[in-house]
Amino acid sequence: MCLDASPPFIVGLTAPLDKTLFRKSIPILAARFPATKLGSVRKSEPMRRSVIDLPRVRSVIPDPSDPTGDKLVLLKASSEVDLPTQTLEFLTTEANGLVPYTLELNYDYWTADEIIQSILPEELREGSPTGFAMTGHIAHINLKDEYLPYKSLIGQIILDKNPQVRTVVNKLDSIDTQFRFFKMELLAGEPDYIVEHHEADCRFTFDFTQVYWNSRLHTEHERLVQIFNPEDVIADVFAGVGPFALPAARKGCAVLANDLNPQSAKYLSLNAENNRVADVVRVSCEDGRSFIQEAATRLIANEFPAYSGPKKSKNQENQERRKQRFVKPQADDVLLPGRNKISHFVMNLPDSAIQFLDAFRGIFSHLSRQDVDRIYATMPMVHCHCFTREIEPENAKADILKRVEEKLGHPVTEDFSLHLVRSVAPNKDMYCISFRLPAKVAFNSE
Ligand SMILES: C[S@@+](CC[C@H](N)C(=O)[O-])C[C@H]1O[C@@H](n2cnc3c(N)ncnc32)[C@H](O)[C@@H]1O
């Protein structure tokens with residue numbers, strides 16, 4: 001016993017979608033029961049097998065012809081012959097009669113996937129687009145060529161069916177080679193690409209058509225931020241709009257955050273403000289190579305204030321300010337030393353970050369011996385993202401190490417680790433190689 005509640009196939013539609021076409025009337029039977037009996041009726045074995053069980057359809061409803069009287073229990077049968085003998089016997093003795101009922105289903109009833117399937121020609125139904133990624137209010141999909149004739153309809157269905165979506169775009173294959181953001185076309189909704197996206201308790205605002213953002217990296221962002229100590233200074237060479245920088249700053253870290261894309265740098269500054277960490281995030285907009293070469297020297301010349309605990313909520317800050325009004329400053333209050341040492345370099349530009357590693361050669365060569373001994377008793381860690389086409393872990397390790405060591409001009413030995421971030425294609429993996437910068441590289445004066 002089963003009812004066909006799938007939407008009607010309506011192939012050949014053009015945008016805008018006419019929702020009224022999606023209707024289905026299913027004649028069924030309903031059994032009348034007094035409300036007091038419903039508990040035991042629902043539990044009885046013959047009824048359990050025969051009561052309607054469609055998602056989002058209530059199986060017990062008021063009787064439209066007598067709203068205050070008996071209830072109607074909807075059955076998954078359109079005539080008595082469809083009902084098992086046991087159910088019929090039960091209904092004959094327990095119910096106050098059977099009545100015909102018409103189940104009306106419409107566009108609002110079916111899911112986006114069901115409606116999308118119903119507008120496609122048969123040969124495209126299997127493998128039809130399901131699901132989408134969300135960035136702020138934008139739903140983005142990646143339509144295969146054969147689905148492009150239906151793109152506006154698909155866009156409208158996604159928009160209709162997901163109240164949190166205001167804009168639907170199709171990601172085009174071309175990615176901006178330098179700044180890594182992808183081109184997109186509007187399928188449905190508002191042409192508004194400035195999004196507000198939340199990750200790791202931070203609020204990110206950015207223009208999705210101008211800057212790089214990938215929500216699939218959130219676990220990688222979290223993984224590295226977790227490694228940082230709150231007292232650390234982080235140098236984020238390819239910072240984007242701040243998915244490493246801002247959570248790190250909220251944790252207490254001070255961050256030198258750089259991105260060559262002026263739009264990324266603009267939104268990075270805005271996001272530092274919005275997340276109330278602008279005092280510990282210094283934004284720059286320059287090539288990663290010069291940033292790596294200058295960052296340590298700049299920091300010594302202009303250090304960050306001492307670590308003062310993780311970022312507090314606005315309420316906590318106000319409370320503390322109120323308390324401090326009654327506390328007399330102590331003459332012997334100790335001034336904590338400022339932060340002038342970079343503990344971690346983050347380099348998330350997997351396509352080419354390894355190419356930038358030679359910039360580390362000699363970064364400390366123009367610091368005084370005294371400064372270096374005092375500040376860099378332990379060398380900074382480098383976390384460099386990269387791609388490899390070697391899929392076997394051992395081969396991937398050999399390939400990545402070879403390229404890294406070639407660029408550094410030195411073997412990587414101390415605190416070395418390799419982390420598989422994600423598979424980006426069947427024969428392409430993204431890794432993060434972490435290692436302590438060899439002192440000989442940083443002091444290289446050649
Ligand atoms: C893959 S994205 C990573 C952004 C961010 N760290 C994240 O995890 O989402 C790489 C970033 O590097 C920036 N970029 C590209 N070339 C650069 C360069 N030569 N120097 C500095 N930044 C660069 C791009 O604008 C982009 O924002």
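Both ligands and their constituent atoms are indexed starting at 1 by order of listing. These numbers come from the heavy atoms of this one structure, side chains and all, not from hydrogens, waters or symmetry mates. Positions are given from 1, in the same order as the sequence printed here.
- The nearest heavy-atom contact from the protein to atom 19 (N) of ligand 1 is Asp287 OD1, 2.7 Å.
- The backbone N or O of Val412 sits less than 3.5 Å from a side-chain atom of Glu405, completing a donor-acceptor pair.
- For atom 15 (C) of ligand 1, the candidate residues are Gln178, Arg216, His221, Arg289; the nearest heavy-atom contact is made by Gln178.
- Listed by number with element, the atoms of ligand 1 under 4.0 angstrom from any heavy atom of Phe179 are 24 (C), 25 (O), 26 (C).
- Remark: ligand 1 atoms within the under-4.0 Å shell around heavy atoms of Asn258 are 21 (C).
- Distances between N or O atoms of Asp236 and those of ligand 1 include no value under 3.5 Å.
- A heavy-atom separation below 4.0 Å is found between Phe356 and ligand 1.
- The distance from ligand 1 to the heavy atoms of Glu286 drops below 4.0 Å at these ligand atoms: 20 (N), 21 (C).
- Residue-to-ligand polar distances place Phe238 within reach of ligand 1: an N/O pair is separated by less than 3.5 Å.
- Not a single heavy atom of His385 sits under 4.0 Å from any atom of ligand 1.
- Checked by atom type and distance alone, the side chain of Asn275 pairs as donor or acceptor with a backbone atom of Arg203 at under 3.5 Å.
- For the side chain to side chain donor-acceptor pair (under 3.5 Å) condition, the pairs that include at least one residue of residues 236-258, sequence neighbours left out, are Asn258-Ser284.
- Between Pro350 and ligand 1, no pair of N/O atoms sits closer than 3.5 Å.
- Looking at Ala239 against ligand 1, only its backbone comes within 4.0 Å, counting heavy atoms.
- For ligand 1, none of its N or O atoms has an N or O atom of Asn214 under 3.5 Å away.
- Ligand 1 has a nitrogen or oxygen under 3.5 angstrom from a nitrogen or oxygen of Asn348.
- From the protein, the heavy atom lying nearest to atom 11 (C) of ligand 1 is Asp259 OD2, 3.4 Å.
- Formation of a donor-acceptor pair under 3.5 Å by the Asn340 side chain with backbone atoms of Ile300 is not found in this model.
- For Phe244, no nitrogen or oxygen atom sits less than 3.5 Å from a nitrogen or oxygen atom of ligand 1, counting backbone and side chain alike.
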